[in-house]
Amino acid sequence: MHSDNSARYRELAEKAKAIEEKWLASVSTRVLTINIHTSEDVDGIHVSCQTLSGEEAMSSNLSAEATLADLELEMKSTLNWLQLEFVCENGMVDVSEPLKAYKTVSAKEVPFSGFNSYRIDRQKCRRCGGENIWSQRFTEWCKMNGDAGGIWLSTCNTCGLHLSEHWDDD
């Protein structure tokens, strides 16, 4: 027996998207100005990250060959940011570029949506920590011997994170 749940899947995805849009609009985005200091006297690069009010949020010393990707890893670790974007006067910045190519860049925390580890959340949302999780198992196929399979879907009712996980009892 095979049931076509595609309309139901679309409905659930649209509901999750509406929740997510509302949640994203309520999340305040953090922005830091990053001053990048290089010196002939010192082998390395010093970065100082400041909030818009001028308070230092983080500082670090990186190697002379460091890239923006290295700074991104340091910021994610130190500031507990899941995802961020770098921008400068010319727009978005490629993280593979060397740090020493810049004097100042800005970093903007971006709410993370890229959670597709092929597992659903069952009790606590991995993005927002919310505990209001809806989940349902759908059967998509069944063999003559009784083996079946399908998909689990979960949606966080706080932030709208919508995840799927395949299952089978083979």
Side-chain angles (χ1 to χ4, degrees), residues 12-135 151-166:
L12 293 169
E14 288 171 9
K15 179 182 172 188
K17 185 175 171 75
I19 294 169
E20 182 177 43
E21 286 174 357
K22 185 176 178 182
W23 180 76
L24 288 172
S26 72
V27 174
S28 63
T29 302
R30 293 184 284 183
V31 177
L32 297 177
T33 300
I34 304 164
N35 296 307
I36 302 163
H37 307 282
T38 57
S39 173
E40 300 290 327
D41 304 340
V42 180
D43 186 32
I45 299 172
H46 178 77
V47 295
S48 174
C49 305
Q50 297 180 329
T51 64
L52 295 176
S53 65
E55 179 183 333
E56 185 169 81
M58 182 195 113
S59 69
S60 184
N61 293 310
L62 300 163
S63 75
E65 295 79 36
T67 63
L68 285 162
D70 296 319
L71 176 58
E72 179 180 24
L73 288 173
E74 181 74 16
M75 291 178 71
K76 285 178 177 180
S77 172
T78 304
L79 301 171
N80 293 319
W81 288 10
L82 294 174
Q83 186 172 323
L84 61 107
E85 295 175 345
F86 290 110
V87 292
C88 67
E89 305 91 35
N90 300 331
M92 294 293 291
V93 176
D94 181 357
V95 295
S96 66
E97 294 185 54
L99 261 179
K100 61 186 171 191
Y102 297 92
K103 297 287 183 213
T104 304
V105 294
S106 294
K108 177 175 80 168
E109 183 181 28
V110 179
F112 195 59
S113 296
F115 290 112
N116 202 353
S117 62
Y118 305 103
R119 295 276 184 240
I120 65 169
D121 290 339
R122 297 180 192 278
Q123 295 178 355
K124 188 174 186 179
C125 177
R126 65 187 79 178
R127 177 166 65 184
C128 74
E131 295 181 358
N132 185 1
I133 305 289
W134 169 90
S135 65
I151 191 169
W152 271 100
L153 296 177
S154 75
T155 300
C156 174
N157 289 313
T158 303
C159 74
L161 182 62
H162 188 63
L163 301 169
S164 64
E165 173 182 322
H166 292 279

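Throughout, numbering of the chain's residues begins at 1 and tracks the sequence.
By the side chain to side chain contact (heavy atoms under 4.5 Å, CB included) test, S59 is found to be paired with H46, E56, residues two or more places apart in sequence or in another chain being considered. With sequence neighbours left out, the side chain to side chain contact (heavy atoms under 4.5 Å, CB included) criterion links A13 to H162. Applying the side chain to side chain contact (heavy atoms under 4.5 Å, CB included) criterion to N35, with sequence neighbours excluded, gives T33, H37, Q50, T104. Under the side chain to side chain contact (heavy atoms under 4.5 Å, CB included) criterion, L73 pairs with no residue, sequence neighbours left out. Scanning for side chain to side chain donor-acceptor pair (under 3.5 Å) contacts around T51 gives S53, with sequence neighbours left out. With sequence neighbours excluded, the residues satisfying salt bridge (charged side-chain N to carboxylate O under 4.0 Å, His left out) with K17 are E21.
In this structure, L99 and L62 have side chains that are in contact, with non-hydrogen atoms separated by less than 4.5 Å. Proximity of R30 to L79: side-chain heavy atoms (C-beta onward) are nowhere separated by under 4.5 Å. No side-chain heavy atom of I34 sits under 4.5 Å from any side-chain heavy atom of Y102. Residues C156 and C128 are in side-chain contact: their nearest non-hydrogen atoms beyond the backbone lie under 4.5 Å apart. Side-chain contact check for T78 versus M58: some heavy-atom pair is nearer than 4.5 Å.
Of the possible polar contacts, one joining the T67 side chain to the A69 backbone as a donor-acceptor pair under 3.5 Å is found. When atom types are taken as modelled, the side chain of D121 and the backbone of R126 share a donor-acceptor pair closer than 3.5 angstrom.
The two atoms that bring F86 and V105 nearest to each other are CD2-CG2, 4.1 Å, heavy atoms only. The two atoms that bring I45 and S63 nearest to each other are CD1-O, 3.7 Å, heavy atoms only. The heavy-atom pair separating L32 from C49 by the smallest distance is CD1-CB, 3.9 Å. Looking at every heavy atom in both residues, I19 comes nearest to C159 through CG2-C, 3.8 Å. Taking every heavy atom of both residues into account, S154 and I133 meet most closely at CB-CG2, 4.2 Å. For I120 against S135, the heavy-atom pair with the smallest separation is CD1-CB, 4.2 Å.
With rounding to the nearest 0.5 angstrom, the CD1 atom of I151 is 4.0 Å from the OG atom of S164. The structure places CD of E65 at 7.0 Å from CG of D43, a figure rounded to the nearest 0.5 Å. Here the OG1 atom belonging to T155 is positioned 5.5 Å from the CH2 atom belonging to W134, to the nearest 0.5 angstrom. N132 CG to C125 SG: the interatomic distance, rounded to the nearest 0.5 Å, is 10.5 Å. With values rounded to the nearest 0.5 angstrom, R119 atom CZ is found 12.0 Å from L163 atom CG.
Taking the ring axis of W152 as reference, the NZ or CZ atom of R122 stays within 45° of it and closer than 6.0 Å to the ring centre.
Sorted by first and then second residue, the salt bridge (charged side-chain N to carboxylate O under 4.0 Å, His left out) pairs with a member in residues 66-79 read E72-K76; sequence neighbours excluded. The salt bridge (charged side-chain N to carboxylate O under 4.0 Å, His left out) pairs that include a residue from residues 78-87 are E85-K108, where partners are two or more places apart or lie in different chains. Among residues at least two apart or in separate chains, there is no salt bridge (charged side-chain N to carboxylate O under 4.0 Å, His left out) pair with a member in residues 87-101.
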Practice problem: Let me see the working for E20 and K15 under salt bridge (charged side-chain N to carboxylate O under 4.0 Å, His left out), right down to the final yes or no. | Solution: CA-CA 9 Å; E20 182 177 43; K15 179 182 172 188; over 6 Å; no

